2 protein chains.
Amino acid sequence: MATSKNPPFLNSVPELLILQCLKDRQMYGYELVQAIRSATHDHIVLAEGVVYPVLHMLEREGALSTERRTVNGRSRIYYALTDRGTARLADLASVWRRLTAAIAGVLGEPSHA
Amino acid sequence: MATSKNPPFLNSVPELLILQCLKDRQMYGYELVQAIRSATHDHIVLAEGVVYPVLHMLEREGALSTERRTVNGRSRIYYALTDRGTARLADLASVWRRLTAAIAGVLGEPSHA
DNA sequence: TTGCCATACCTTTCGCCGCTAGGTATACGA
DNA sequence: TCGTATACCTAGCGGCGAAAGGTATGGCAA
């Protein structure tokens, strides 16, 4: 009942992954691409064209705060979760778990519940 | 290595669910909508506007065979998996499991592996 | 010193997939 | 006879990710 509609279907997975990574520590865009790539053993490779727009959108909505730093003569923009971002992460993760559990059920897997 | 690219991101979940349902027994479109709805306890509700086009596409590609039957004065189109459809189901399910496992890893869940 | 690769940021364009919102027709119960 | 459930269908829109490109600096090798 509480769940009004299907979230347009399983979208915003990139957003979920990015938020989750930033929960552990602040990171910059280029770093996120590689972190996700290596964390998933190359199973998920987010192109930069996906990551940067998401970061900008999240910043616009107040889910992320930014800090410009120069390291080794290179300028980086570090992103960190705000309270709002933490809440958003919790929301997305919850929806994600609910949907995957539902699908696992159809696929005939126990889904460890 | 075998996995060339990200499948456009987590698309074709409706297709996966439909194929999986048809693996157990043949069903008709209207029935599929409700079967998925109830199997997922209303967490996933595929509109008919999603289901029918997928069925037509799968039939066009030889993944489903059809049989028209009249029950209680109502005309129904029953769909059944072909060999090709079974293979397609196996493919989609495998991709699905790989991706969800990867995401579960990022989310810090054991994902029962 | 020149050129290439890695780093680090960014945007525009395109295509697809699912969603919305309709539409048709029959059966059945109030 | 009128509404609701059954059962099928389609056209059009929108959003999100993918592809493809563009800028700039640093470092290394030829």
Side-chain angles (χ1 to χ4, degrees), chain A residues 3-19 26-38 40 43-61 64 66-79 92 95-96 99 103, chain B residues 3-19 26-38 40 43-61 64 66-79 92 95-96 99 103:
Chain A
T3 335
S4 46
K5 284 278 181 188
N6 286 340
F9 212 89
L10 285 175
N11 280 337
S12 59
V13 167
E15 188 184 333
L16 170 62
L17 292 175
I18 289 168
L19 287 170
Q26 46 185 13
M27 300 173 81
Y28 53 101
Y30 192 79
E31 187 184 11
L32 276 164
V33 172
Q34 304 176 329
I36 291 171
R37 180 193 192 110
S38 86
T40 63
H43 281 123
I44 296 179
V45 180
L46 298 187
E48 299 179 21
V50 172
V51 169
Y52 287 114
V54 169
L55 288 173
H56 300 157
M57 180 272 285
L58 287 172
E59 187 192 0
R60 256 200 325 275
E61 306 203 340
L64 297 180
T66 66
E67 183 191 343
R68 182 155 227 131
R69 255 185 268 166
T70 299
V71 180
N72 298 334
R74 294 190 174 284
S75 176
R76 298 174 177 168
I77 301 172
Y78 280 85
Y79 293 88
L92 287 183
V95 169
W96 169 256
L99 285 180
I103 294 172
Chain B
T3 334
S4 47
K5 285 281 182 187
N6 285 341
F9 211 87
L10 286 176
N11 280 337
S12 58
V13 167
E15 189 185 333
L16 170 61
L17 293 175
I18 289 169
L19 287 170
Q26 44 185 14
M27 301 173 82
Y28 53 100
Y30 192 80
E31 187 184 11
L32 275 164
V33 172
Q34 303 176 329
I36 290 171
R37 180 193 192 110
S38 86
T40 63
H43 282 122
I44 296 179
V45 180
L46 298 186
E48 300 180 21
V50 172
V51 170
Y52 287 113
V54 170
L55 288 173
H56 299 158
M57 179 272 286
L58 287 173
E59 187 192 1
R60 257 201 324 276
E61 306 205 341
L64 297 180
T66 66
E67 183 191 345
R68 181 154 228 131
R69 256 185 266 167
T70 299
V71 181
N72 299 334
R74 295 192 172 281
S75 175
R76 298 173 178 170
I77 302 172
Y78 280 83
Y79 293 87
L92 287 182
V95 170
W96 169 256
L99 284 181
I103 295 171

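Everything quoted here is computed from the prediction, not taken from an experiment.
The distance between atom CD1 of B/Ile77 and atom C1' of D/dT6, rounded to the nearest whole Å, is 14 Å. Rounding to whole angstrom units, CD of residue A/Glu15 and P of D/dG15 are separated by 15 Å.
Under a cut-off of 6.0 angstrom, the local environment of CZ in B/Arg69 is crowded, with over 12 non-hydrogen atoms contributed by other residues, nucleotides or ligands.
In this structure, a donor-acceptor pair under 3.5 Å is absent between the side chains of B/Arg76 and B/Thr70.
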What pairs of nitrogen or oxygen atoms, one from the protein and one from nucleotides 23-27 of chain C, lie under 3.5 Å apart?
| from | atom 1 | to | atom 2 | distance (Å) |
| --- | --- | --- | --- | --- |
| C/dT26 | O2 | B/Arg74 | NH1 | 2.9 |
| C/dT26 | O2 | B/Arg74 | NH2 | 3.0 |
| C/dA27 | O4' | B/Arg74 | NH2 | 3.1 |

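Rounding to the nearest 0.5 Å places CG of A/Leu17 at 8.0 Å from CH2 of A/Trp96. Taken from CG in B/Leu64 to CD in B/Glu59, the straight-line distance is 7.5 Å, to the nearest 0.5 Å.
Between C/dC9 and A/His56, no contact under 4.0 Å exists linking OP1 or OP2 to a side-chain N or O. Residue B/Tyr52 places at least one side-chain N or O under 4.0 Å from the OP1 or OP2 atom of D/dC8.
Contact of the A/Ile77 side chain with the A/Glu67 side chain is not registered, since no non-hydrogen atoms from C-beta on lie closer than 4.5 Å. Counting only heavy atoms from C-beta outward, the side chains of A/Tyr30 and A/Glu48 approach each other to under 4.5 Å. Looking only at side-chain heavy atoms (C-beta outward), A/Leu55 and A/Leu32 come within less than 4.5 Å of each other.
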Please determine whether side chain to side chain contact (heavy atoms under 4.5 Å, CB included) holds for the pair B/Val54 and B/Tyr52, giving the CA-CA distance in whole Å, both sets of side-chain angles, and the decisive distance to 0.1 Å.
CA-CA 5 Å; B/Val54 170; B/Tyr52 287 113; over 6 Å; no

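Looking at residues 26-34 of chain B, you'll see B/Tyr28, B/Gly29, B/Tyr30, B/Gln34 sit with a heavy atom under 4.0 Å from some atom of DNA chain D.
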